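The structure under discussion appears below in the form of structure tokens.
This structure is a prediction, so every number in the text was calculated from the model and none was measured. All values below were derived from every heavy atom in this structure, side-chain atoms included, with hydrogens, water molecules and symmetry-related copies excluded. First the proteins, then the strands, lettered A, B, ... as listed; each starts at 1.
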There are 2 protein chains.
Amino acid sequence: MKLSTKGKYGVRAVYEIARHFGRGPITIKEIADRQGISFSYLEQILHKLGKAGLIESVRGPAGGYLLARKPAELTIGDIVRTLEGPIALSHCLEPGEAGDCYQADDCVARMVWTKVGAKIEEALDSISFEDLLTQQQVQQKEIILKPKKKAALAGKGVC
Amino acid sequence: MKLSTKGKYGVRAVYEIARHFGRGPITIKEIADRQGISFSYLEQILHKLGKAGLIESVRGPAGGYLLARKPAELTIGDIVRTLEGPIALSHCLEPGEAGDCYQADDCVARMVWTKVGAKIEEALDSISFEDLLTQQQVQQKEIILKPKKKAALAGKGVC
DNA sequence: ATATACTTGACAAAAATAGTCAGCTTTGTT
DNA sequence: AACAAAGCTGACTATTTTTGTCAAGTATAT
Ligand code: FES
Ligand code: FES
């Protein structure tokens with residue numbers, strides 16, 4: 001039950017784009033540097049998000065990426081579904097394949113994973129990037145108040 | 001966002017043990033046959049569940065596995081957590097490692113994955129094996145009423 | 001004794017993940 | 001027109017995780 005780095009990097013990258021909202025396109029390189037993600041890998045991820053219509057790209061010099069919608073209208077669920085595929089805990093719950101399963105009528109597990117999957121979608125869709133932006137401001141203040149405790153494990157944790 | 005077969009097989013296996021509740025131990029072989037799971041692989045899975053105290057084993061002839069609690073007190077969450085590890089969408093949310101992350105204060109994603117993880121736990125823990133048993137009875141009746149439509153993909157779908 | 005059945009650890013094939021790399025296309029600037 | 005900045009695209013590879021298999025145990029009812 002882990003997210004792949006694609007999903008996690010995707011959210012962090014779009015978060016950076018959202019932070020840049022209203023100030024023109026932000027380049028892959030800048031996102032990669034800020035978030036410590038490989039440039040080439042990030043290209044793939046952003047391209048996928050672009051094809052899905054969640055972000056827009058501007059080519060040529062001074063180009064980069066922009067949000068395709070307002071931060072409030074873009075959710076974590078959008079990103080995760082695009083990068084990790086549809087939320088289907090089991091293969092035979094994927095859209096298209098659903099009706100195919102020969103034992104769907106007889107399968108008690110089906111209800112379980114369907115129900116849990118719905119809860120996950122609900123949770124993912126309930127968080128927009130605007131939420132992340134406002135939360136970041138709150139955290140910012142808290143950090144200023146607290147004594148800064150720079151811990152050891154630099155570069156290790158990556159949500 | 002898929003479950004591994006361990007989690008899925010685990011649930012199906014325990015479901016079989018639950019169906020056998022009150023009728024003494026059921027053997028690995030019988031579970032494996034009924035659910036179409038490799039015997040050797042199932043051994044590993046059941047052993048892990050046994051070590052976690054969710055099921056009990058009886059050795060020797062006429063031995064097998066038993067539920068350690070009543071079906072109503074055993075949830076899908078118990079099984080999944082045991083077999084797939086704690087529900088932590090990101091590595092740095094795993095218990096024990098949590099406080100270690102040097103950027104926890106500054107991390108906007110942390111809140112996201114924590115929140116979603118909690119929802120998943122909630123959903124998983126809300127379903128007990130008794131629920132599965134009663135649901136199976138309902139499905140059984142429906143199947144008898146409906147015309148049996150044995151579809152093509154035999155053996156393919158595995159929730 | 002012996003057959004049945006769980007226990008344990010080592011091993012291996014296959015699939016998914018996490019990138020890397022090289023070359024291409026678009027477009028603003030000079 | 002030429003150049004450089006920036007995204008586009010597909011192929012390729014190393015690593016890790018998953019999904020098992022196998023073999024040699026240990027416990028126990030009859
Ligand atoms: S990176 Fe560790 S808490 Fe987010
Ligand atoms: S096995 Fe296909 S629906 Fe459960």
Side-chain angles (χ1 to χ4, degrees), chain A residues 1-13 16-17 20 24-33 35-66 68 80 83-85 88-91 94 155 158, chain B residues 1-10 12-14 16-17 20 24-33 35-68 80 83-85 88-91 94 158:
Chain A
M1 289 288 266
K2 286 279 186 303
L3 244 64
S4 75
T5 56
K6 268 200 171 108
K8 295 190 284 181
Y9 289 175
V11 168
R12 300 204 292 153
E16 285 298 334
I17 303 177
H20 212 262
I26 180 176
T27 111
I28 299 183
K29 177 160 183 6
E30 187 168 353
I31 300 174
D33 286 349
Q35 291 286 345
I37 303 170
S38 143
F39 176 89
S40 305
Y41 195 32
L42 191 52
E43 272 187 315
Q44 287 180 26
I45 294 172
L46 292 181
H47 175 60
K48 212 165 179 180
L49 293 173
K51 232 177 18 183
L54 302 175
I55 58 181
E56 278 167 6
S57 64
V58 177
R59 297 174 77 146
Y65 278 97
L66 298 161
V80 172
L83 294 175
E84 315 245 341
L89 259 35
S90 174
H91 179 269
E94 287 186 0
V158 171
Chain B
M1 288 289 267
K2 287 277 188 302
L3 244 63
S4 75
T5 56
K6 268 200 171 105
K8 295 191 282 180
Y9 289 175
R12 300 205 290 153
V14 173
E16 285 298 335
I17 303 177
H20 211 261
I26 180 176
T27 118
I28 299 184
K29 177 158 184 6
E30 187 166 354
I31 300 174
D33 286 349
Q35 291 287 343
I37 303 171
S38 143
F39 177 89
S40 306
Y41 195 31
L42 190 53
E43 274 186 317
Q44 287 179 25
I45 294 171
L46 292 181
H47 179 248
K48 213 166 179 180
L49 293 172
K51 231 175 20 180
L54 301 175
I55 57 180
E56 278 166 5
S57 64
V58 178
R59 296 173 78 147
Y65 277 98
L66 297 162
L67 290 194
V80 172
L83 295 175
E84 314 243 342
L89 258 37
S90 175
H91 178 268
E94 287 185 359
V158 172

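Here the CE atom belonging to A/Met1 is positioned 5.0 Å from the CG atom belonging to A/Leu89, to the nearest 0.5 angstrom. Rounded to the nearest 0.5 Å, atoms OH (A/Tyr65) and CD1 (A/Ile26) are 12.5 Å apart.
Between A/Met1 and A/Thr27, the residue anchored closer to the 5' end of DNA chain D is A/Thr27, taking for each the nucleotide with the nearest heavy atom.
Distances shorter than 4.0 Å separate some side-chain N or O of A/Thr5 from OP1 or OP2 on C/dA18. Side-chain nitrogen and oxygen atoms of A/Tyr9 include none within less than 4.0 Å of the OP1 or OP2 phosphate oxygen of C/dA18. Taking side-chain N and O atoms only, A/Ser38 has a distance below 4.0 Å to OP1 or OP2 of C/dT20.
Distance A/Ile45 CD1 to C/dT17 P: 13 Å, rounded to the nearest Å. Look at CD on A/Glu84: it is 8 Å from P on C/dA18, rounded to the nearest Å. Atom P of nucleotide C/dT7 and atom CD1 of B/Ile28 are separated by 7 Å, given to the nearest angstrom. Across the protein-nucleic acid pair, B/Lys29 atom NZ and C/dA3 atom P stand 18 Å apart, rounded to whole Å.
A donor and an acceptor atom never sit less than 3.5 Å apart when one is taken from the side chain of B/Arg59 and the other from the base of C/dT7. Between the base of C/dT20 and the side chain of A/Gln44 there is a donor-acceptor pair shorter than 3.5 Å.
Put simply, the side chain of A/Ser90 gets close to the backbone of B/Val158: a donor and an acceptor are under 3.5 Å apart.
For the residue pair A/Tyr41/A/Thr5, the side-chain donor-acceptor check at 3.5 Å is satisfied.
In 5' to 3' order, the nucleotides of DNA chain D bounding all contacts with chain A (an atom under 4.0 Å from a heavy atom) are D/dA5 to D/dA11.
Using five terminal pairs a side, the axes of the helix from C/dA1-D/dT30 to C/dT30-D/dA1 at its two ends make an angle of 10°, given in steps of 10 degrees.
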